[in-house]
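Both ligands and their constituent atoms are indexed starting at 1 by order of listing. All residue numbers refer to positions in the sequence shown, counting from 1.
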Amino acid sequence: MSTAAPRHYGRISRYLHWGMAVAFAWQFATTGARQLVSESALDELLWATHKPMGVLLMLLVMIRIIWALLDRANRPSEINRMATLGHLSLYLLMFAVPALALLRQYGSGRAFSPLGIPLMPGFEGDEIEWMTSLGSLLHGFLGWTLLVLVIGHIVMTVWHRRTGDHDVMERMLVK
Ligand code: HEM
Ligand code: HEM
């Protein structure tokens, strides 16, 4: 039996990767419009989807983390330390960014039902200050940090393909 590392990511990993890449592109379009054309019709249209899309991404990243752990023996090995570090940072931020927003949402005490699904019932009384402050301090900042990291990630994969040292793109494309 061969013990060589697999040459491709499996089907579920690929679907999660590309499906979430599209969802993240949408999510960053909502924040981009908010920054660039604030209070325009486009901003209002896109921003209305920011919270529900963020909740969907939270769900998907939890599935992806569990899957990455279960599937770790069936993945191509990382090409170097930087790639490992980069991928780990992406995972960390993909989780922390929506988690911080949800923490803030909970702490605000307001009921929250994205797409009509009653996720948080809300509560009477004062908001939970540490939750709202932490979310407000870090959610947007780490969200933009994630965008910078994603751009770096894309540049690196294109770079590796161009220079031909490691064609990592092949690993993430359909077999
Ligand atoms: C992975 C998913 C998410 C990403 C990448 C993301 C990204 C961002 C970014 C970059 C900003 C800053 C926008 C600006 O500077 O104008 C922002 C703001 C905001 N996000 Fe998210 N977000 C996500 C999920 C969520 C979720 C789940 C919620 C709510 C439940 C949420 C609620 C908000 C709110 C209310 C703001 C405006 C206040 C602030 O800047 O903190 N986001 N988001
Ligand atoms: C056009 C957009 C993108 C391209 C071309 C791309 C390309 C790739 C490629 C080629 C790999 C395999 C790298 C290797 O094995 O060394 C990979 C892995 C990975 N990518 Fe992307 N990517 C994109 C968007 C994203 C986005 C938006 C995220 C997250 C926010 C992301 C997160 C990851 C992670 C965490 C891995 C490690 C494998 C895994 O656990 O799924 N990628 N990407």
Side-chain angles (χ1 to χ4, degrees), residues 5-10 12-38 43 46-69 71-72 74-80 82-108 110 112-115 119-120 132-161 165-173:
R7 292 176 54 213
H8 294 91
Y9 288 91
I12 297 176
S13 304
R14 280 182 277 126
Y15 284 167
L16 279 168
H17 177 269
W18 294 116
M20 286 179 71
V22 172
F24 272 109
W26 180 276
Q27 192 70 343
F28 286 117
T30 71
T31 54
R34 200 160 173 83
Q35 284 292 323
L36 300 173
V37 287
S38 121
D43 172 31
L46 289 177
W47 189 253
T49 67
H50 184 86
K51 287 189 183 184
M53 183 58 99
V55 171
L56 179 66
L57 277 163
M58 178 87 252
L59 182 70
L60 288 173
V61 78
M62 289 194 295
I63 294 171
R64 187 161 167 186
I65 290 170
I66 293 168
W67 179 246
L69 292 172
D71 188 50
R72 63 187 184 280
N74 304 317
R75 298 182 155 211
S77 36
E78 298 279 12
I79 57 167
N80 56 37
M82 279 309 283
T84 311
L85 201 69
H87 294 158
L88 276 176
S89 316
L90 284 168
Y91 269 107
L92 191 72
L93 288 179
M94 279 195 283
F95 180 83
V97 169
L100 282 162
L102 288 170
L103 190 73
R104 172 175 62 189
Q105 184 71 44
Y106 179 82
S108 75
R110 289 194 300 272
F112 182 47
S113 305
L115 300 174
L119 205 60
M120 296 176 191
T132 54
S133 313
L134 197 67
S136 296
L137 186 71
L138 293 176
H139 173 69
F141 171 69
L142 292 182
W144 292 122
T145 309
L146 174 59
L147 177 62
V148 171
L149 225 66
V150 165
I151 293 171
H153 170 67
I154 297 169
V155 168
M156 286 317 289
T157 60
V158 174
W159 169 265
H160 286 306
R161 195 176 172 88
D165 56 353
H166 292 100
D167 192 356
V168 288
M169 197 73 92
E170 274 299 312
R171 306 167 151 199
M172 221 11 126
L173 295 174

If you measure from each heavy atom of F141 to ligand 1, is any distance below 4.0 Å?
->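 No, F141 has no heavy atom closer than 4.0 Å to ligand 1.
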Looking at ligand 1, does P98 have a heavy atom less than 4.0 Å from it?
-> yes
Does R64 count as lying over the ring of Y91, i.e. NZ or CZ under 6.0 Å from the six-ring centre, within 45 degrees of the axis?
->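 That pair qualifies as a cation-pi contact.
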Check each atom of ligand 1 against the heavy atoms of [X] and keep those under 4.0 Å away; list them by number with element.
X	result
V55	27 (C)
L102	30 (C)
G140	10 (C), 11 (C), 12 (C)
V97	3 (C), 4 (C), 5 (C), 6 (C)
Q35	14 (C), 15 (O), 16 (O)
F112	30 (C)
G54	24 (C), 27 (C)

From [atom1] ([X]) to [atom2] ([Y]), nearest 0.5 Å:
X	Y	atom1	atom2	result
W67	Y15	CH2	OH	13.0 Å
D167	T157	CG	OG1	9.5 Å
L57	M62	CG	CE	11.0 Å
T30	M53	OG1	CE	8.5 Å
D43	H50	CG	NE2	11.5 Å
L147	F24	CG	CZ	10.5 Å

Check ligand 2 against [X] and write out every atom of the ligand that is under 4.0 Å from a heavy-atom position of the residue.
X	result
L90	32 (C), 33 (C)
F24	30 (C)
M172	9 (C), 10 (C), 11 (C), 17 (C), 18 (C), 38 (C), 41 (O)
M94	29 (C), 30 (C)
Y9	12 (C), 14 (C), 15 (O), 38 (C)

Is there a donor-acceptor pair under 3.5 Å between the side chain of [X] and the backbone N or O of [Y]?
X	Y	answer
S13	Y9	no
E170	H8	no
W18	M172	yes
R72	L69	yes
D71	N74	no

Considering non-hydrogen atoms of the protein only, which is the closest contact for [atom], and what is the distance?
atom	answer
atom 41 (O) of ligand 2	R64 NH2, 2.9 Å
atom 36 (C) of ligand 2	H87 CD2, 3.7 Å
atom 11 (C) of ligand 1	T31 CG2, 3.6 Å
atom 29 (C) of ligand 1	K51 CG, 3.4 Å
atom 6 (C) of ligand 2	H17 CE1, 3.4 Å
atom 14 (C) of ligand 2	R171 NH1, 3.5 Å

Polar-atom distance check: W144 versus ligand 1, any N or O pair below 3.5 Å?
->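 Among all N and O atoms of W144, at least one is under 3.5 Å from an N or O of ligand 1.
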Determine whether more than 12 heavy atoms belonging to other residues, nucleotides or ligands lie under 6.0 Å from atom CH2 of W159.
-> no
Taking atom CZ of F95 as the centre, report whether more than 12 heavy atoms of other residues, nucleotides or ligands fall under 6.0 Å from it.
-> no
Shortest heavy-atom approach to [atom] - which of [options]:
atom	options	result
atom 26 (C) of ligand 1	S38, A101, G32, A99	A101
atom 30 (C) of ligand 2	I65, V150, I79, I154	V150
atom 10 (C) of ligand 2	M169, M156, H166	M169
atom 3 (C) of ligand 1	Q27, R34, H50	Q27
atom 37 (C) of ligand 1	W47, F28, W26	W47

Between [X] and [Y], is any pair of side-chain heavy atoms under 4.5 Å apart?
X	Y	result
Q105	K51	yes
L134	H139	no
R75	R171	no

May I ask you to identify, for V168, whether its side chain, its backbone, both or neither come under 4.0 Å of ligand 2 on a heavy-atom basis?
->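 Contact part for V168 vs ligand 2: both backbone and side chain.
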So which bit of W18 gets within less than 4.0 Å of ligand 2, heavy atoms only: side chain, backbone, both or neither?
->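 Just the side chain.
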What do you reckon, does Y91 have a nitrogen or oxygen under 3.5 Å from a nitrogen or oxygen of ligand 2?
->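 Yes, Y91 has an N/O under 3.5 Å of an N/O on ligand 2.
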For ligand 2, find out whether one of its N or O atoms is nearer than 3.5 Å to an N or O atom of H153.
-> yes
Ligand 1 contact on M53 by region, counting heavy-atom pairs under 4.0 Å | neither
Proximity of R104 to ligand 1 by residue part, where a heavy atom lies under 4.0 Å |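 Within the 4.0 Å criterion, R104 contacts ligand 1 through side-chain atoms alone.
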Which N, O or S atom name in H139 marks its closest approach to atom 21 (Fe) of ligand 1?
-> NE2
Nearest heavy atoms of L149 and S89, plus distance in Å |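 L149 and S89 have their closest heavy atoms at CD2-CB, 3.5 Å.
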Heavy atoms of M58 and A99 approach each other most closely as SD-N, 3.6 Å
Test item, R75 contacting ligand 2 (heavy atom, 4.0 angstrom) |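 Under 4.0 Å: yes for R75.
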